[in-house]
Undergrad: 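One structure coming up, written as structure tokens, with questions to follow.
So that the names make sense, note that chain A is the first sequence line, chain B the second, and so on, each numbered from 1. In this text the structure is predicted, and so the values were computed from the model without any measurement.
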Amino acid sequence: MSYNPKEIENKWQVKWSEQQAFEPKDDKSLEKKYILSMFPFPSGRLHMGHVRNYSIGDAMARYYRKQNYNVLHPIGWDAFGMPAENAAIKNGRHPKEWTYSNIDYMRKELKSLGLSFSETREFATCDELYTKWEQEFIIKMYEEKLLYRESTTVNWCNECQTVLANEQVEEGCCWRCDNEVELKEMPGYYLDIRKYADELLEDLKLLEGKWPSQVLAMQSNWIGKSQGLEFTFKLSDASKEKLGGKFEGFEVFTTRPDTIYGVTYTALAPEHPIVKELIKNELLDADVIEKITAISNMTEVERAKAGKEGFELGITVIHPLTNEEIPVWVANFVLASYGGGAVMSVPTHDERDFEFATQYNLPLKYVIDGGEEGKAYTGDGVLINSDEFNGMKNSEAKSAIIKLFEEKNLGRGTTNYKLRNWGVSRQRYWGAPIPFVHCKSCGLVPEKVENLPIALPEDVEITGEGNPLEKHPTWSNCSCPKCRAEAKRETDTLDTFVQSSWYQFRYATHPDKWNSCGIDKEDVNYWLSVDQYIGGIEHAILHLLYARFFTKALRDIGFIDNLKEPFERLLTQGMVLMDGAKMSKSKGNTVDPDALIEKYGADTARLFTLFAAPPQKELEWNDSAVEGAFRFLKKLYARKSKVTTNELPTIEHSSLSKEEKLARAKVYEALQKSVDVYEKTFAFNTLIASCMEALNALDKQDNGLVWSEGMYIITHLLEPITPHICAELSEELFSSKNLAGKIEVLDEVFEQDTITLAVAVNGKRRAEIEVASSAFKDEIISQAKESVAKWLEGKNVVKEIVVPNKMVNLVVK
RNA sequence: GCGGAUGUGGUGAAAUUGGUAUACACGCUAGACUUAGGAUCUAGUGCUUCACGGCGUGGAGGUUCGAGUCCUCUCAUCCGCACCA
């Protein structure tokens, strides 16, 4: 009978499901492995990226399960989010119905790939039971002051009609719909991730060598720690008066306190309170007010593209050291959200300040020696024009000047981060409701924990205009949990990234406890951290930063014990490409996993995915290479007729022919390689190649015992990659004995009677010799010389190098 | 501009500590079997040369008996961040 993947795969998928073969065991004394592939968004159908992600994770999970580890390999659904609402708008389907029916379909697709997921630990993040516990965490975070509500400038996507977190803005555009993001002032809820900035940065060190360096670098840049001086510029008396006495001055931050004597102007962000005050009281020319307002209404991208623009505000501040009067400007490049929204400008030693100063003819004052006139000098040097600090190296002056500020109580050394707090409010329906109530007398009040979950109303109208929860006639009506007066429920929902920040703990929590707690500490102590996490690089900052933060926050508010990092090791898989471009529906260059499985079977799909490229690299799709993978499995299946015994045979190696010995050596080479591949390098492509080599070598001989041993080991090795065909062959040929436990490597198979050595003259390969493996160095050298006599004529051999088992190099003159 | 990576046949890619560069697969060429083949099998396949040979891991140097691998410089491509004071 020839290879029939459909029949085999169906048989085993049913069998595994019946046997509950992939459920983790409750016994906590067992050694565990937690293998996690990032869970999918239930978009409707699997794509090849999913197939790759889950094939990699499944190979690891199956490998460890076979080594008798207690393996947790769960799957679930990252189920809230915009696309569900878009489907509602487009096709009139309810987001909930759309989501759960997608899940049902995709669950079948996953099953058809033969993935060894736990079935009992599956959940969707839109399950009310999941929402319930998440809301409890949110309330606790509010009580512990990790969550707060404030009104500030936010990123607004008008297409999605919602606020976005900083991390969700890519080059000034919405991560979902690519619309340009606007800045808008509005209230929202924030998680204080900045409180953890330093820990998040420090703990990246724990992940070195375990996470891709690229991801570590990206996170480190994103956190963006910098050290410097923070101080207040006091307003001149006249300016104070002009502002009605409402401001004493404003704070600035600089990483270059050594250049402080070179300050010739200061600049404020258009959103700065002082600027707003000037506009409010019409203390600026009407056309200037108009222009500043125009800047305020620009998107970030527009501002960046616009080039530098600024206006003198007609107020001045006093330099804290020189007491000089310094003009204050407003400038479009000053960010409201960093360093207090104000900068001290030193055009002589900062490129950006220089450009602005040149444009508006502002004065220059050089304070570090070494540059040229008419240019900004950003290098190191000795201070000039800086009073008592003249002659000091600028690297030393940095700390000396900070010290002076601190002594005179003018300012302080401080650390600043680019990282901004995580805005988690979304003005959308399909998300977890933020469990708060607005009461006229009590203000913002968290819902009582016993009332959770605050569930979404089912009867909503989703039009894409405005917030469906806000427009719902009755849902937001409630009573205040504190005073019982009539109150209004919060209609914002949580960012979907909140759900994916703690799902790794939910999987680890035994399903029997899912009703009684969100996270079980003991279960988490046993299963976490995740031994191997696998997913796309696109989450390098977003999800992976949030999940790290959430882990630390949940620890600090008492929901988990002393866990530092959730993901011990991270593998970021490369994209699946077709014709050099990412597969996408709009480009029409997709491969449908269902069709692929229908034509070749899951094993071929999995084999090709792991064979075509190492997992970390991009994978270029190639239809005929898929055929090649299929051909190999057909061949493997056909060779079952060669097997003559149903167990691992004992073979007397020395009595074998050359071909038989070579075949055994190839088989054991693959076995030897497998540990490294499955546990360290994940270069499944090389393991598969070794198995192909082994099968090719077996084909060159016809010893039944050698064949039996070979098939026994090859099906053992490939089982994590192509589980169905291997399970089938193992059952039929070896009563599945080869799929339990380890197989020991036999060193004797690598021993050979003769060795082939390359002979090089002056490093250039000239000949090959065959010597007895017992041969002494002298014998080898004389034989080598003979083989390359032609190149030695008339020359002196000055050095002879023998590399054992490899080559001989003769150095001649 | 800053940060991270990657450059090896026609293609996807291999290559412990520096030790026979191109394993494995695709593609291609030729042949066999076939009514036929997008099936299967066999052989060949880095470039160059009639040949001996020469040249070959982006480029240029260097260290070494020996470099894809180590060092210096350089070029190209990809990814991320980007007026962060």
Side-chain angles (χ1 to χ4, degrees), chain A residues 170-172 212-222 224-226 228-229 252-256 259 266-267 269 300 303-308 331-335 337-346 350-353 355-356 416-420 537-538 540-541 574-575 577 607-608 611-614 616-629 631-632 634-635 638 666 669 673 676 683 685-696 756-768 790 797-812:
Chain A
E170 294 168 350
E171 289 174 17
S213 55
Q214 190 190 175
V215 176
L216 296 176
M218 281 165 78
Q219 291 217 354
S220 167
N221 287 344
W222 191 261
K225 180 177 180 169
S226 54
L229 169 70
V252 293
F253 171 75
T254 179
T255 54
R256 293 297 304 274
T259 64
T266 67
E300 284 190 10
R303 284 196 208 188
K305 279 186 195 152
K308 296 196 177 14
N332 64 345
F333 60 82
V334 181
L335 304 173
S337 54
Y338 186 84
V343 294
M344 66 170 221
S345 299
V346 185
D350 181 284
E351 304 276 5
R352 185 202 50 204
D353 294 345
E355 193 190 326
F356 190 80
N416 229 320
Y417 300 92
K418 288 187 204 172
L419 181 69
R420 286 189 254 167
I537 186 84
E538 67 272 20
I541 295 174
M575 281 191 298
L577 308 179
L607 182 69
F608 171 74
F611 179 60
Q616 299 87 340
K617 250 188 138 170
E618 290 179 337
L619 187 159
E620 176 69 37
W621 196 263
N622 180 338
D623 285 327
S624 47
V626 176
E627 292 273 356
R631 208 173 298 151
F632 171 72
K634 274 193 286 190
K635 184 167 147 186
K666 286 284 181 193
E669 252 172 50
K673 178 172 222 141
D676 244 29
N685 53 330
T686 64
L687 177 63
I688 295 165
S690 292
C691 289
M692 288 173 168
E693 270 188 81
L695 197 64
N696 290 345
T756 308
L757 297 176
V759 182
V761 179
N762 287 346
K764 184 89 205 153
R765 185 173 172 274
R766 294 296 181 188
E768 219 170 58
K790 190 172 151 191
V797 177
V798 294
K799 204 163 181 181
E800 296 151 346
I801 293 143
V802 177
V803 185
N805 298 320
K806 296 273 182 189
M807 66 178 302
V808 179
N809 189 17
L810 302 170
V811 185
V812 302

Undergrad: Of the nucleotides B:rC81, B:rC65, B:rG27, which one has an atom closest to the side chain of A:Trp222?
TA: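 Selected nucleotide: B:rC81.
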Undergrad: If you measure from the C1' atom in B:rA14 to the same atom in B:rG3, how many Å do you get, rounded?
TA: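 Nearest-Å result for B:rA14 against B:rG3 at atom C1': 30 Å.
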Undergrad: Roughly how many Å is it from CD in A:Glu171 to P in B:rC83, rounded to a whole number?
TA: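 Result: 11 Å.
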Undergrad: Evaluate the criterion side-chain contact (heavy atoms from CB on, under 4.5 Å) for residue pair A:Leu619 and A:Leu577; output intermediate values, then yes/no.
TA: CA-CA 6 Å; A:Leu619 187 159; A:Leu577 308 179; over 6 Å; no
Undergrad: Checking understanding here: a glycosidic angle within 90° of 0 is syn, the rest anti, so what is B:rG9?
TA: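 B:rG9: syn.
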Undergrad: Using atom CZ of A:Arg420 as one end and atom C1' of B:rC81 as the other, report the distance to the nearest whole Å.
TA: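 Those two atoms, CZ and C1', are 13 Å apart.
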Undergrad: If you check the A:Ala625 side chain, which of B:rG4, B:rC26, B:rG80 turns out closest?
TA: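 The answer is B:rC26, which lies nearest to the side chain.
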Undergrad: Any cation-pi pair here, A:Lys308 with A:Phe356, using under 6.0 Å and within 45°?
TA: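 No, A:Lys308 does not sit over the ring of A:Phe356.
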Undergrad: Please tell me which of the listed nucleotides, B:rG53, B:rA23, B:rC65, lies nearest to the side chain of A:Ile801?
TA: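 My answer, after comparing the listed nucleotides, is B:rC65.
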Undergrad: Between B:rA67 and B:rG59, how far is it from one P atom to the other, in whole Å?
TA: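 Pairwise P distance, B:rA67 against B:rG59, rounds to 15 Å.
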Undergrad: Counting only heavy atoms from other residues, nucleotides and ligands, does the tally under 6.0 Å from CD of A:Glu538 exceed 12?
TA: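 Correct, the count exceeds 12.
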Undergrad: Just to be sure I understand the rule, does A:Gly628 reach a base, reach only the sugar-phosphate, or reach nothing, if contact means heavy atoms closer than 4.0 Å?
TA: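 Sugar-phosphate, backbone atoms only, no base.
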Undergrad: Which whole-number value in Å describes the distance from A:Asn332 CG to B:rC84 P?
TA: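 Those two atoms, CG and P, are 13 Å apart.
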Undergrad: What does B:rC81 pair with, Watson-Crick or G-U, if both distances are under 3.5 Å?
TA: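 B:rG1 is the nucleotide pairing with B:rC81.
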Undergrad: What integer number of Å spans the P atoms of B:rG37 and B:rA32?
TA: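 Between the two P atoms, the distance is 12 Å.
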Undergrad: Mind checking what makes ring-ring contact (aromatic ring centres under 6.0 Å, His included) contact with A:Phe632, not counting sequence neighbours?
TA: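 Applying ring-ring contact (aromatic ring centres under 6.0 Å, His included) to A:Phe632 gives none.
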Undergrad: What does B:rU29 pair with, Watson-Crick or G-U, if both distances are under 3.5 Å?
TA: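 The answer is B:rA43, by the H-bond criterion.
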Undergrad: Report yes if a side-chain nitrogen or oxygen of A:Ser226 is closer than 4.0 Å to either non-bridging phosphate oxygen (OP1 or OP2) of B:rA85; otherwise report no.
TA: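 So the side-chain polar atoms of A:Ser226 do come within 4.0 Å of the phosphate oxygens OP1 or OP2 of B:rA85, strictly under.
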Undergrad: Establish whether the base of B:rC81 is bridged to the side chain of A:Lys418 by a donor-acceptor pair shorter than 3.5 Å.
TA: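 Donor-acceptor pair under 3.5 Å: no.
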Undergrad: When every nucleotide of nucleotides 12-18 of chain B is labelled 5' to 3' by its protein contacts under 4.0 Å (heavy atoms), B for base, S for sugar-phosphate only, - for none, what sequence of letters results?
TA: SSS----
Undergrad: Looking at residues at least two apart in the chain, or sitting in another chain, which of them share a ring-ring contact (aromatic ring centres under 6.0 Å, His included) with A:Trp621?
TA: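 A:Trp621 satisfies ring-ring contact (aromatic ring centres under 6.0 Å, His included) with A:Phe608 once adjacent residues are dropped.
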Undergrad: Expressed as a whole number of Å, how far does the P atom of B:rG68 sit from that of B:rG62?
TA: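 These two P atoms come out 15 Å apart once rounded.
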Undergrad: Using the rule side chain to side chain contact (heavy atoms under 4.5 Å, CB included), only one of A:Asp350, A:Thr259, A:Leu229 pairs with A:Met344; which is it?
TA: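 Only one option passes, and that is A:Thr259.
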Undergrad: Using the C1' atom in both, what is the distance from B:rU69 to B:rU20, to the nearest Å?
TA: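 That atom pair is separated by 15 Å.
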Undergrad: Using purine N1 to pyrimidine N3 plus N6-O4 or O6-N4 for Watson-Crick, or N1-O2 and O6-N3 for G-U wobble, each under 3.5 Å, what pairs with B:rU57?
TA: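 B:rU57 is paired with nothing.
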Undergrad: Does OP1 or OP2 of B:rU40 have a side-chain N or O of A:Arg631 closer than 4.0 Å?
TA: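 Affirmative; the distance criterion is met.
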Undergrad: Using both distances under 3.5 Å as the test, list the Watson-Crick or G-U wobble partner of B:rA51, or none.
TA: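 Across any shown strand, B:rA51 pairs with none.
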Undergrad: Starting from P on B:rA85, measure out to CZ on A:Phe356 and report it in whole angstrom.
TA: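 Value for this atom pair: 18 Å.
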Undergrad: What integer number of Å spans the P atoms of B:rA21 and B:rG53?
TA: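 About 16 Å, rounded to a whole number of Å.
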Undergrad: Locate the shortest heavy-atom distance separating A:Ala306 from A:Asn332; write the atom from each residue and the value.
TA: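 In terms of heavy atoms, the two residues are closest at CB-ND2, 4.3 Å.
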Undergrad: Could you please name the partner base of B:rG12, counting Watson-Crick and G-U wobble pairs only when both distances are under 3.5 Å?
TA: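 Pairing partner: B:rC24.
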Undergrad: If I take atom CG in residue A:Leu687 and atom C1' in nucleotide B:rA25, what distance separates them, rounded to the nearest angstrom?
TA: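 One finds 15 Å between C1' of B:rA25 and CG of A:Leu687, rounded.
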Undergrad: Could you tell me how far B:rG18 sits from B:rU64 if I compare only their P atoms? Round to whole Å.
TA: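 Approximately 16 Å lies between the P atom of B:rU64 and that of B:rG18.
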Undergrad: In Å, rounded to the nearest 0.5 Å, how long is the span from CG of A:Leu419 to CG of A:Asn221?
TA: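 Atom-to-atom, A:Leu419:CG and A:Asn221:CG are 12.5 Å apart.
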Undergrad: Give a yes/no answer on whether the side chain of A:Arg352 brings an N or O atom under 4.0 Å of OP1 or OP2 in B:rG1.
TA: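 So the side chain of A:Arg352 is outside the cut-off, no N or O lying under 4.0 Å from OP1 or OP2 of B:rG1.
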Undergrad: In whole Å, what is the span from the CZ atom of A:Phe253 to the P atom of B:rA85?
TA: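 Those two atoms, CZ and P, are 6 Å apart.
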Undergrad: Given B:rU20, B:rA85, B:rC55, identify the nucleotide with an atom nearest to the side chain of A:Ala758.
TA: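 Closest of the options to the side chain of A:Ala758: B:rU20.
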Undergrad: Which nucleotide, if any, forms a Watson-Crick or G-U wobble pair with B:rC70, using both distances under 3.5 Å?
TA: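 With both distances under 3.5 Å, B:rC70 matches B:rG62.
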Undergrad: Are OP1 or OP2 of B:rA25 and a side-chain N or O of A:Asn696 less than 4.0 angstrom apart?
TA: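 Yes, because at least one side-chain N or O of A:Asn696 sits under 4.0 Å from OP1 or OP2 of B:rA25.
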Undergrad: Is A:Ala217 touching bases, backbone alone, or none of the nucleic acid, heavy atoms closer than 4.0 Å?
TA: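 The answer is sugar-phosphate, as A:Ala217 gets under 4.0 Å only of primed atoms, P, OP1 or OP2.
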Undergrad: Can A:Met807 and A:Leu757 be said to form a side-chain contact (heavy atoms from CB on, under 4.5 Å), step by step?
TA: CA-CA 5 Å; A:Met807 66 178 302; A:Leu757 297 176; 5.6 Å; no
Undergrad: Is the phosphate of B:rU40 approached by A:Lys634 (side-chain N or O, under 4.0 Å from OP1 or OP2)?
TA: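 For B:rU40, OP1 or OP2 has a side-chain N or O of A:Lys634 closer than 4.0 Å.
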Undergrad: For B:rA76, which nucleotide in any strand shown is its Watson-Crick or wobble partner with both distances under 3.5 Å?
TA: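 Its partner is B:rU6.
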Undergrad: Which of these nucleotides, B:rC84, B:rU20, B:rC26, is closest to any side-chain atom of A:Glu768?
TA: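 In terms of side-chain proximity for A:Glu768, the closest of B:rC84, B:rU20, B:rC26 is B:rU20.
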Undergrad: Rounding to an integer number of Å, can you tell me how far A:Met807 CE sits from B:rU20 P?
TA: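 These atoms are roughly 7 Å apart.
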Undergrad: For RNA chain B, whose closest nucleotide is more 5', that of A:Ser690 or that of A:Ala342?
TA: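 By nearest-heavy-atom nucleotide position, the 5'-most residue is A:Ser690.
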Undergrad: Rounded to whole Å, how long is the line connecting atom CZ of A:Arg765 with atom C1' of B:rA21?
TA: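 After rounding, the reported distance stands at 11 Å.
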Undergrad: B:rG7 and B:rU57: how far apart are their C1' atoms, nearest whole angstrom?
TA: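 Each nucleotide's C1' atom is 9 Å from the other's.
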Undergrad: Taking it one step at a time, do A:Arg256 and A:Val346 satisfy side-chain contact (heavy atoms from CB on, under 4.5 Å)?
TA: CA-CA 9 Å; A:Arg256 293 297 304 274; A:Val346 185; over 6 Å; no
Undergrad: Given B:rA5, is OP1 or OP2 found less than 4.0 Å from the side-chain N or O atoms of A:Ser213?
TA: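 Yes, such a contact exists.
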Undergrad: So what does A:Val343 hit on the nucleic acid, given a heavy-atom distance under 4.0 Å: a base, only sugar-phosphate, or nothing?
TA: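 Since a base atom lies under 4.0 Å of A:Val343, the category is base.
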Undergrad: Does any nucleotide pair with B:rA36 by Watson-Crick or G-U wobble geometry, both distances under 3.5 Å, and what is it?
TA: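 Check on B:rA36: unpaired, no WC or wobble geometry under 3.5 Å.
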Undergrad: Taking the side chain of A:Asn809 as its heavy atoms from C-beta onward, which of B:rG27, B:rA85, B:rC65 lies nearest to it?
TA: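 The answer is B:rC65, which lies nearest to the side chain.
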Undergrad: May I ask you to test the A:Asn809-A:Val803 pair for a side-chain heavy-atom distance under 4.5 Å?
TA: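 A side-chain contact under 4.5 Å is absent here.
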Undergrad: Applying a 4.0 Å non-hydrogen cut-off, can you work out what A:Val334 is touching in the nucleic acid: base, sugar-phosphate, or nothing?
TA: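 Result for A:Val334 = base.
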